[in-house]
Asker: 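After the structure tokens below, expect a handful of questions from me.
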Amino acid sequence: MRDGHRHGFERWWASATRVWSEGHFAVGLEHGIFREWNEQGRLKRGSPRYFVEGEQVDRRAYLRKCESDPTLPSILAEDDRPNRTRPPAILE
């Protein structure tokens, strides 16, 4: 949270090592990659979705914007899998 707004990654966990939904925000606006997975751990239809300053864009426009906006998360193939490591503070 920043100034009362979502800021950074937001993840909803299916288990201790797997997420079912994640997205990235910048001061309350969708700003990054949003993914959702089904029960089999595969991306749901229409996922991932890409946002820049609250506006949904296609992958190509997102990649162009990434070149000039360091706050946008990079597109990494391994991030399309739902396995994540929970931050230690959440595990406690």
Asker: What's the shortest heavy-atom distance between Lys44 and Asn38, and which atoms?
Answerer: CG-N, 3.8 Å
Asker: First locate atom CG of Asp79, then atom CD1 of Ile33, and finally report the distance between them rounded to the nearest 0.5 Å.
Answerer: 7.0 Å
Asker: Checking one residue: Leu76. Which other hydrophobic residues are in its cluster under the side-chain 4.5 Å linking rule?
Answerer: none
Asker: Restricting to ring pair (Phe, Tyr, Trp, His ring centres under 6.0 Å), what partner residues turn up for Tyr62, sequence neighbours left out?
Answerer: Tyr50
Asker: Check Arg18 against Gly41 and note the closest heavy-atom contact, atom names and distance.
Answerer: NH2-N, 4.0 Å
Asker: Arg35 and Leu43: which non-hydrogen atoms are nearest, and at how many Å?
Answerer: CB-CD2, 4.0 Å
Asker: Examine Arg86 relative to Trp13 and say whether NZ or CZ is less than 6.0 Å from the centre of the six-membered ring and inside a 45° cone about the ring axis.
Answerer: yes
Asker: Just how far is it from atom CH2 of Trp37 to atom CG of Asn83, taken to the nearest 0.5 Å?
Answerer: 9.5 Å
Asker: Let me confirm one number: the CE-NE2 distance from Met1 to His7, rounded to the nearest 0.5 Å.
Answerer: 11.5 Å
Asker: Testing the basics here: between Cys66 and Pro73, what is the closest heavy-atom pair and its distance to 0.1 Å?
Answerer: SG-O, 4.0 Å
Asker: Using a 4.5 Å cut-off on heavy atoms from C-beta on, say whether the side chain of Thr17 contacts that of Arg84.
Answerer: no
Asker: Phe34, Val52: one ILVMFWY side-chain cluster at the under-4.5 Å cut-off?
Answerer: no
Asker: Does the ring centre of His24 sit less than 6.0 Å away from the ring centre of Phe9?
Answerer: yes
Asker: Taking all non-hydrogen atoms of both residues into account, name the closest pair between Gly54 and Leu29 and its distance.
Answerer: N-CB, 4.0 Å
Asker: Indicate yes or no: does Glu30 engage Arg49 in a salt bridge with an N to O separation below 4.0 Å.
Answerer: no
Asker: Would the distance check show the side chain of His5 and the main-chain N or O of Gly28 forming a donor-acceptor pair, the cut-off being under 3.5 Å?
Answerer: no
Asker: Please report the C-alpha distance between His31 and Phe51 in whole Å, then the side-chain angles of each, then the deciding distance to 0.1 Å, and finally whether the side chain to side chain contact (heavy atoms under 4.5 Å, CB included) criterion is met.
Answerer: CA-CA 5 Å; His31 191 67; Phe51 289 85; 5.8 Å; no
Asker: Between atom CD of Glu67 and atom CG of Leu72, what is the distance when rounded to the nearest 0.5 Å?
Answerer: 11.5 Å
Asker: Does CD in Gln56 sit with more than 12 non-hydrogen atoms of other residues, nucleotides or ligands closer than 6.0 Å?
Answerer: yes
